Amino acid sequence: MDSPQQYAQQCSELYAAGGFAAVRRTARAGLDQVGPTAVLYRWLGLAHAAEDEDDHDAAAERAYQQGLASAPDDLGLLVCYLELCLRADAFDYPARAGRVATLRARIDELAPAGSPERERVDDALSWAGRGYWDDLVAAAGRGELRQAESAELSDRVASALRTGSTGTDSSTAAGEDVREAELAAALELLRGRANAPLRFLLTHRTAAYVITCLAALGVNRLLVTTGVVTFSPWGWLLWLPLLAAECKLRTARQLARQRVVARIEERHALEAAALADTQDHVQMPPGTADGGGQTTLSASSPPAT
């Protein structure tokens, strides 16, 4: 494999599956194989920035700078670098935050009005201008999204349990479909007699939440009104089984993404090996050994006497 586009396509598939470490490995392998390429530096920086950690942000900045050193007018790199700089804290990273004006001016020169790059810049600038209340609203939205994803997975698990699915072949059946892999991993983690209460709670998730909430409030109220305690948090302990069930679902989602990323990497490796083998056969000159160790004679070679 010697095409940057092929490595970029692999990075895109891995990034969509949440395999940021795998994206970094693939991008570095592509850079080692084909040399400095803007699109691979862009994927390397994005995979670092997605981790949302200070060390990874610094590594992302280095990747963008290295890419811009070889392709100073690449709009993809400029926009990604601008987004990284907009995220930087001006107090902790003044140099990074101070590059926003320069990058924005350069993008304005290169990106025509209405282009996707200009729209990304506008979105990033509006995001960077948010206030504290906007951050709270965004955090609440992310929390609601996680709850919706958990509820959706719980419904699929409950449906599978009602139909008698046990997930016995969960490690291989789901392929590269993340949703199917999540279901398979959840069924696998919920197998066994010890997990029977958790399976029951997930099968009746809505009722379990309502009953647990009422029971927790009732226990706390009872302990306070009877004079046992003046303030009671003990009723909230009734939430522990439901929290354990939700933890199983979170673990299943993480495990599923790891498995999907591993399957994608395995497919990429097989495709690369098949392509290399095909190229070897195409380029093999007459009279050389074939894959079976036999010597192929050219049409002009005289037969052995």
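Since the model is a prediction, treat every value here as computed from it, not as a measurement.
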Can you tell me if [X] uses its side chain to pair, donor with acceptor, with the backbone of [Y] under 3.5 Å?
X	Y	value
Tyr64	Val79	no
Thr226	Leu222	yes
Arg87	Asp57	no
Arg162	Thr203	yes
Ser150	Arg146	no
Arg263	Glu176	no
Ser115	Ala111	no
Thr37	Gly35	yes

Using atom types as modelled, flag every donor-acceptor pair under 3.5 Å from a side chain in residues 228-243 to any protein atom, sequence neighbours excluded.
| residue | atom | partner | partner atom | Å |
| --- | --- | --- | --- | --- |
| Ser232 | OG | Asn220 | OD1 | 2.9 |
| Ser232 | OG | Trp234 | N | 3.4 |

For Tyr41, which residues count as a ring-ring contact (aromatic ring centres under 6.0 Å, His included) partner, sequence neighbours excluded?
->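 Not a single residue meets the ring-ring contact (aromatic ring centres under 6.0 Å, His included) criterion with Tyr41.
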For Tyr15, enumerate each residue passing the ring-ring contact (aromatic ring centres under 6.0 Å, His included) test, keeping only those at least two apart in sequence or located in another chain.
->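 Applying ring-ring contact (aromatic ring centres under 6.0 Å, His included) to Tyr15 gives Phe20, Trp43.
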Take atom [atom1] of [X] as the centre, draw a 6.0 Å sphere, and report whether it contains more than 12 heavy atoms from other residues, nucleotides or ligands.
X	atom1	value
Tyr209	OH	yes
Arg267	CZ	yes
Asp55	CG	no
Glu119	CD	yes

Verify same cluster id: [X], [Y] (apolar side-chain graph, 4.5 Å):
X	Y	answer
Tyr93	Tyr81	no
Leu187	Leu189	no
Leu103	Leu77	yes
Leu214	Leu223	no
Leu198	Val210	no

Supply the atom-to-atom distance [X] [atom1] to [Y] [atom2], rounded to the nearest 0.5 angstrom.
X	Y	atom1	atom2	result
His268	Cys11	NE2	SG	9.0 Å
Gln33	Thr26	CD	OG1	13.0 Å
Gln9	Ser3	CD	OG	10.5 Å
Glu152	Leu249	CD	CG	10.5 Å
Arg120	Leu78	CZ	CG	11.0 Å
Thr251	Leu255	OG1	CG	8.5 Å

Heavy-atom side-chain proximity of Leu46 to Val23 below 4.5 angstrom |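 Side chain of Leu46 against side chain of Val23, heavy atoms only: no contact under 4.5 Å found.
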Taking the side chain as C-beta and beyond, is there a heavy-atom pair between Glu182 and Arg259 under 4.5 Å?
->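 Glu182 does not reach Arg259 side chain to side chain.
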Sequence neighbours left out, what pairs pass salt bridge (Lys or Arg N to Asp or Glu O under 4.0 Å) with at least one residue falling in [range]?
range	result
residues 91-101	Glu61-Arg96, Glu61-Arg99
residues 26-49	Arg42-Asp74
residues 198-219	Arg205-Glu246

Quick check: closest heavy atoms across [X] and [Y], and the distance to 0.1 Å?
X	Y	result
Val261	Gly18	CG2-C, 4.4 Å
Ala185	Ala252	CB-O, 3.6 Å
Ala97	Ala90	CB-CA, 3.9 Å
Leu31	Pro36	CD2-CA, 4.1 Å
Ala22	Leu14	O-CD1, 3.7 Å

Ion pair Arg106/Glu109, N-O distance below 4.0 Å |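 Looking at Glu109 together with Arg106, the answer is yes, because their closest N to O distance falls below 4.0 Å.
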With side-chain contact (heavy atoms from CB on, under 4.5 Å) as the test, would you mind laying out the steps for Glu149 and Arg250 before giving the verdict?
-> CA-CA 10 Å; Glu149 291 174 347; Arg250 287 195 298 271; over 6 Å; no
Please step through side-chain contact (heavy atoms from CB on, under 4.5 Å) for the pair Leu40 and Val34, ending with a clear verdict.
-> CA-CA 10 Å; Leu40 295 181; Val34 302; 3.9 Å; yes
Say whether His48 and Glu53, considering side chains only, have a donor N or O and an acceptor N or O under 3.5 Å apart.
->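 No, because no side-chain N or O of His48 sits under 3.5 Å from a partner of the opposite role on Glu53.
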